[in-house]
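Here is how names work: the chains are called A, B, and so on, in the same order as the sequence lines, proteins then strands, and each is numbered from 1. Since the model is a prediction, treat every value here as computed from it, not as a measurement.
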Number of protein chains: 2
Amino acid sequence: MYKENNLSKNQQIIFDLINKSSEPLKAYTILFSVQKKGIKAPPQVYRALDKLVETGKIHKIESKNAFVACRSSDCEISKATAFSICESCEMVDEISDTKLSKYLSGFNHKKGMKFKRFNLEFFGICKKCKKD
Amino acid sequence: MYKENNLSKNQQIIFDLINKSSEPLKAYTILFSVQKKGIKAPPQVYRALDKLVETGKIHKIESKNAFVACRSSDCEISKATAFSICESCEMVDEISDTKLSKYLSGFNHKKGMKFKRFNLEFFGICKKCKKD
DNA sequence: TAAAATTTGTTATAATATAACACTATGTAA
DNA sequence: TTACATAGTGTTATATTATAACAAATTTTA
Ligand SMILES: [Zn+2]
Ligand SMILES: [Zn+2]
Ligand SMILES: [Zn+2]
Ligand SMILES: [Zn+2]
């Protein structure tokens, strides 16, 4: 049953929920949403989330403790992520910008540390919110 | 008493602690450390932290829920922050790189959103840990 | 001095995340 | 097929991080 798409039952349920959502979802929001499907306790949610993040299917928005589905197709291991976040409506949008990604992936720390991963979060007010 | 350096008593106590620390400090670690100075409850700590972040005296490392003193002198309101984080020893270092900062401050989202703030976290293994 | 704004102290509670353990399902290879 | 290793599940309890709400004191401004 598992190998079809390499997601386990709980992982698939939780991924589907996040993937359908237009906004970032929090762990306990997810928990309440999937209780009817038999997922009843926090560890079940967090374990699935951990795995999905690990494989790049979803990303964690660190400043919000919330999760979004990857929209970028080329971030298989969540090693180069960038997001735009509206401080008014909480909308989050994954930024897929090759130049930005290359610039940051090639960035070298003065102190000689070699980076293997980065996460960038931009904040502002989105177009839609500016109109209101 | 307050206006001398524009930090209140609790803010100063907590800033001093973070500023002396060589590693990021978590809110409850801070709480335990300052109980002898009369700060006894979480809200006292979080309020001081909020204010210190707001004024750019400290920054929050979002991926660690921990706080470091600003080492950059020119980030008065924490609006353009970048850090290097060692995944082995947990060391955090603020990156002050004018080019990087300018590049990101000038970055324009394809969808027309104007950014007023960003936070960037790089992850890797620091030099010291590589030797071990 | 009086009013406004900020800071403090305090109790309780909300929200986020993990430890630990027993068990089941799946993949691999003798 | 059997046996073993790996990954996933279900469950209870607990740890960690953060805020709400309210009363009092301090500082700033006018
Ligand atoms: Zn992605
Ligand atoms: Zn918005
Ligand atoms: Zn700084
Ligand atoms: Zn290190």
Side-chain angles (χ1 to χ4, degrees), chain A residues 1-18 21 23-68 77 90 92 121, chain B residues 1-18 21 23-68 77 87 90 92 119 121:
Chain A
M1 171 191 197
Y2 282 7
K3 204 41 189 298
E4 285 154 34
N5 58 3
N6 78 17
L7 289 188
S8 74
K9 179 171 131 283
N10 289 358
Q11 287 159 22
Q12 188 69 59
I13 290 169
I14 287 173
F15 174 73
D16 287 345
L17 185 71
I18 296 172
S21 173
E23 55 186 14
L25 295 180
K26 302 193 153 229
Y28 276 73
T29 305
I30 293 168
L31 175 58
F32 297 136
S33 299
V34 296
Q35 281 187 327
K36 56 197 100 178
K37 305 219 172 181
I39 297 176
K40 290 177 195 156
Q44 296 175 287
V45 172
Y46 281 100
R47 283 190 295 227
L49 290 173
D50 286 349
K51 191 69 183 192
L52 291 166
V53 166
E54 211 179 291
T55 57
K57 293 268 185 186
I58 65 172
H59 303 299
K60 181 173 187 181
I61 308 301
E62 295 288 357
S63 60
K64 299 170 80 64
N65 298 316
F67 300 84
V68 295
I77 45 169
E90 313 283 285
V92 170
E121 300 183 0
Chain B
M1 170 191 195
Y2 281 5
K3 204 40 188 300
E4 285 154 34
N5 58 3
N6 77 18
L7 290 187
S8 74
K9 178 170 132 283
N10 289 359
Q11 288 161 19
Q12 188 70 59
I13 289 169
I14 287 172
F15 174 72
D16 287 344
L17 186 72
I18 296 172
S21 173
E23 55 186 15
L25 295 180
K26 301 193 152 227
Y28 276 75
T29 306
I30 292 168
L31 176 57
F32 297 136
S33 298
V34 297
Q35 281 187 329
K36 57 196 100 177
K37 305 219 172 183
I39 297 176
K40 290 177 193 153
Q44 296 175 287
V45 172
Y46 281 100
R47 284 190 295 227
L49 290 172
D50 286 350
K51 192 70 184 196
L52 291 166
V53 166
E54 212 178 290
T55 56
K57 292 270 187 187
I58 65 172
H59 303 299
K60 181 173 188 180
I61 307 302
E62 296 286 358
S63 60
K64 299 171 79 65
N65 299 315
F67 300 84
V68 296
I77 44 170
E87 287 175 312
E90 313 282 285
V92 170
N119 180 54
E121 300 183 1

Problem set entry | Axis bend over the full length of the helix from C:dT1-D:dA30 to C:dA30-D:dT1, computed from five pairs that close each end, to 10 degrees | 40°
Exercise. When you check the phosphate oxygens OP1 and OP2 of C:dG9, does a side-chain N or O of B:Gln44 lie under 4.0 Å from one of them?
Worked result: yes
Problem set entry | A:Ile14 CD1 to D:dG10 P, straight-line distance once rounded to whole Å | 10 Å
Exercise. By a strict heavy-atom criterion of less than 4.0 Å, which residues belonging to residues 32-40 of chain A are in contact with DNA chain D?
Worked result: A:Lys40
For this session: Indicate whether OP1 or OP2 belonging to C:dT8 is found under 4.0 Å from a side-chain N or O atom of B:Ser8.
Result: yes
For this session: Side-chain contact test, heavy atoms from C-beta onward, threshold under 4.5 Å: evaluate it for B:Ile14 versus B:Ile39 and give yes or no.
Result: yes
Exercise. Between D:dG8 atom P and A:Gln12 atom CD, what is the distance in whole Å?
Worked result: 13 Å
Exercise. Would you say A:Gln11 reaches D:dG8's phosphate, i.e. side-chain N/O to OP1/OP2 under 4.0 Å?
Worked result: yes
Problem set entry | Whole-Å distance separating the CD1 atom of A:Ile13 from the C1' atom of D:dG8 | 13 Å
Problem set entry | Nearest-Å distance for atom pair CG/C1', residues A:Asn10 and D:dT11 | 13 Å
Exercise. Are OP1 or OP2 of D:dA7 and a side-chain N or O of A:Asn6 less than 4.0 angstrom apart?
Worked result: no
Exercise. What string of B, S and - do you get for nucleotides 11-22 of chain C, 5' to 3', when a contact is any protein heavy atom under 4.0 Å?
Worked result: B----BBBBB--
For this session: Would you check if A:Ile18 and A:Leu49 make a side-chain contact, meaning some heavy-atom pair closer than 4.5 Å?
Result: yes
Exercise. Can you name the residues that form a side chain to side chain donor-acceptor pair (under 3.5 Å) with A:Ser21, not counting sequence neighbours?
Worked result: none
Problem set entry | Listed partners of A:Asp50 passing side chain to side chain donor-acceptor pair (under 3.5 Å), at least two apart | none
For this session: Could you name each residue pair satisfying salt bridge (charged side-chain N to carboxylate O under 4.0 Å, His left out) that touches residues 59-68 of chain B, not counting sequence neighbours?
Result: B:Lys64-B:Glu90
